[in-house]
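Because the structure is a prediction, the values reported are computed rather than measured. Chain naming here is simple, since letters A, B, ... match the order of the sequence lines and numbering starts at 1 in each.
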There are 2 protein chains.
Amino acid sequence: MGRPRTPLLDRARITTTALELVDEQGEFSVPQIARRLGTQTGSVYHHVDGRDGIVELMRERICEAIDSRTLDLEPWDAALAAWARSYRAAFAAHPRVIPLLTTSPVRAPKVLEQYERAVGLLLGAGFAVADVMPVLTGLENLVLGSALDLAAPETMWELPEDSPTPQLARALTAVGAGRADAAFDVALEGLIGHARTLLGTPAPDDRDHAP
Amino acid sequence: MGRPRTPLLDRARITTTALELVDEQGEFSVPQIARRLGTQTGSVYHHVDGRDGIVELMRERICEAIDSRTLDLEPWDAALAAWARSYRAAFAAHPRVIPLLTTSPVRAPKVLEQYERAVGLLLGAGFAVADVMPVLTGLENLVLGSALDLAAPETMWELPEDSPTPQLARALTAVGAGRADAAFDVALEGLIGHARTLLGTPAPDDRDHAP
DNA sequence: ACCTGAACACCGTTCAAGT
DNA sequence: ACCTGAACACCGTTCAAGT
């Protein structure tokens, strides 16, 4: 007992284990993490700021996969679109984590930094300060919603066998992963079109919208 | 002890109490409900299908405030916009409940019924089957995201005092409730514009519902 | 049918005690 | 500094026992 020569736990391994648990079960608990890592529950608290801290670590880990260089692209709408795509891909890798991220506030410096740069991008493009967060929040909603939909479309709807909702059933079975991609693309273009409206600059017809 | 002359509990009172708790705390538990209603925890289970059942009851209660007659309006895009507005208003009344609704699947018949009618509206307008759910899901994301943002904008962001993210801080303080309304309106118009695009150029391989 | 009271397995969090 | 082991207050759920 007592302190081991080499630490049994560290933040990285706690994060990885939590992510594994959520990927498998859609949930995690501190005792479960401790069990998988062969330690006592209390030990985890020496490395991490409680359960909420673990959630924040997962957010950080997932957001590391976002390519922030996309924010350097020009013009601003190409940068925003590329950022959104990378953002979505990162979350689509761990869709079951998303519900955990809507409750707790964003604290991770690396994540805040990305948003800081995104804000700078929009301000630099000439957006009014008050318009920036609505656009970015809309983008975030779109990204998270579509990532959730991409990998877990069936979990959101539970239809009875003798369906009194035949049209809904038809519509649900008609959607696939490829369709979700297409829907994301067009919805993203819609949002950016909305942003152009706010900016007051109409979209040129000859602009290339392809990724 | 034993069975009382008149029941101490019923589904409506359980739902109301759960809603009160979530409005106050952002959370609820079965023992808390029982305590407020002056009964034992176990008694609640005689009226309700577990904790998840209570969540579903809250969803149902909230969705009762949605005006489904909006779906009878013409043309289809006016109906969809009015439905979205009513939908958002209903959720904005209990924003802290929203995170609870993203995990569990939709089972409530009355809610399914509304979606059934919305599907019918879009199919009747000539949408391809595969396009219907992306549009409705996008609408749902927009509604829930904006309702959440409307009444709890500060909870999603926790900036340190000595902010290394000055632009983000500026952008956040510049947003208000009125702005959120405006953002919703334009984003909604953007989504419906996207939907019009889908209607005008349906994918040839999967359109079984030509006008 | 509906409520009690107790039980069970599980949480999140803290903390003295050890090395 | 880091882990153990035990403690605390709290969950969700079940169930015999009572009326």
Side-chain angles (χ1 to χ4, degrees), chain A residues 1-59 96-97 99-105 107 158, chain B residues 1-59 96-97 99-105 107 158:
Chain A
M1 327 288 153
R3 179 187 181 199
R5 301 181 299 100
T6 172
L8 296 176
L9 292 173
D10 58 74
R11 294 162 71 88
R13 295 182 63 212
I14 291 171
T15 309
T16 302
T17 308
L19 221 39
E20 282 171 8
L21 286 166
V22 178
D23 283 343
E24 294 167 18
Q25 316 173 354
E27 296 171 341
F28 81 98
S29 76
V30 184
Q32 281 175 342
I33 293 175
R35 227 171 286 137
R36 287 223 177 171
L37 294 174
T39 63
Q40 290 301 112
T41 301
S43 311
V44 176
Y45 287 82
H46 286 279
H47 299 269
V48 141
D49 190 15
R51 204 198 122 92
D52 288 352
I54 299 175
V55 170
E56 202 57 23
L57 284 173
M58 285 193 279
R59 193 204 301 274
R96 306 185 77 172
V97 182
L100 299 177
L101 304 181
T102 61
T103 327
S104 53
R107 277 182 254 136
E158 199 164 86
Chain B
M1 327 287 153
R3 180 187 180 199
R5 300 180 300 100
T6 172
L8 297 176
L9 292 173
D10 58 73
R11 293 162 70 89
R13 296 181 63 213
I14 290 170
T15 309
T16 303
T17 308
L19 221 38
E20 283 172 9
L21 286 166
V22 177
D23 283 343
E24 295 168 15
Q25 316 172 355
E27 294 171 342
F28 81 99
S29 77
V30 184
Q32 282 176 343
I33 294 175
R35 227 171 286 138
R36 288 221 176 171
L37 293 175
T39 63
Q40 290 300 113
T41 302
S43 311
V44 177
Y45 286 82
H46 286 279
H47 299 269
V48 140
D49 189 14
R51 202 199 124 94
D52 289 352
I54 299 176
V55 171
E56 201 59 20
L57 283 173
M58 286 193 278
R59 192 204 302 273
R96 305 184 78 173
V97 182
L100 298 178
L101 304 182
T102 61
T103 325
S104 52
R107 276 182 253 136
E158 199 164 85

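Summarising the local packing, CD of Glu27(B) is surrounded by 12 or fewer heavy atoms from other residues, nucleotides or ligands at distances under 6.0 Å. Taking a 6.0 Å sphere around CZ of Arg36(A), one finds it holds more than 12 heavy atoms contributed by other residues, nucleotides or ligands.
Taking atom CD of residue Gln40(B) and atom C1' of nucleotide dG18(D), one finds them 14 Å apart after rounding to whole Å. Rounded to an integer number of Å, the gap from His46(B) NE2 to dA1(C) P is 11 Å. One interatomic measurement links the two molecules: CG of Leu37(A) to C1' of dC2(D), which rounds to 15 Å at whole-angstrom precision.
If you run side chain to side chain contact (heavy atoms under 4.5 Å, CB included) between Ile54(A) and each of Ile33(A), Leu100(A), Thr15(A), only Ile33(A) comes through. The side chain to side chain contact (heavy atoms under 4.5 Å, CB included) test with Val22(A) is passed by exactly one of Val55(A), Thr17(A), Val97(A): Val97(A).
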Side chain to side chain contact (heavy atoms under 4.5 Å, CB included) evaluation trace for Tyr45(A) with Val30(A): CA-CA 9 Å; Tyr45(A) 287 82; Val30(A) 184; 3.7 Å; yes
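Listed pair His47(B) / dA1(C) fails the phosphate criterion, with no side-chain N or O lying under 4.0 Å from OP1 or OP2.
Nearest heavy-atom pair, Pro99(A) versus Thr102(B), reported as atom, atom and distance to 0.1 Å: CB-OG1, 4.0 Å.
The backbone N or O of Gly53(A) sits nowhere less than 3.5 Å from a side-chain atom of Arg107(A) that would complete a donor-acceptor pair.
For Ser43(B), the listed nucleotide lying nearest its side chain is dT4(C); candidates were dA1(C), dC2(D), dT4(C).
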Dot-bracket pairing map - DNA chain C, Watson-Crick plus G-U, both contacts under 3.5 Å, | cross-strand: ||.|||||...|||||.||
Quick test: give all pairs of protein nitrogen or oxygen and nucleotides 9-12 of chain C nitrogen or oxygen below 3.5 Å, distance rounded to 0.1 Å.
| unit_1 | atom_1 | unit_2 | atom_2 | d |
| --- | --- | --- | --- | --- |
| dC11(C) | OP1 | Ser29(A) | OG | 3.2 |
| dC11(C) | OP2 | Arg35(A) | NH2 | 3.4 |
| dC11(C) | O5' | Ser29(A) | OG | 3.4 |
| dG12(C) | OP1 | Arg51(A) | NH1 | 3.2 |
| dG12(C) | OP2 | Val30(A) | N | 2.9 |

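Remark: Arg51(B) is positioned above the aromatic ring of Phe28(B), its terminal NZ or CZ atom under 6.0 angstrom from the ring centre and at most 45 degrees off the axis.
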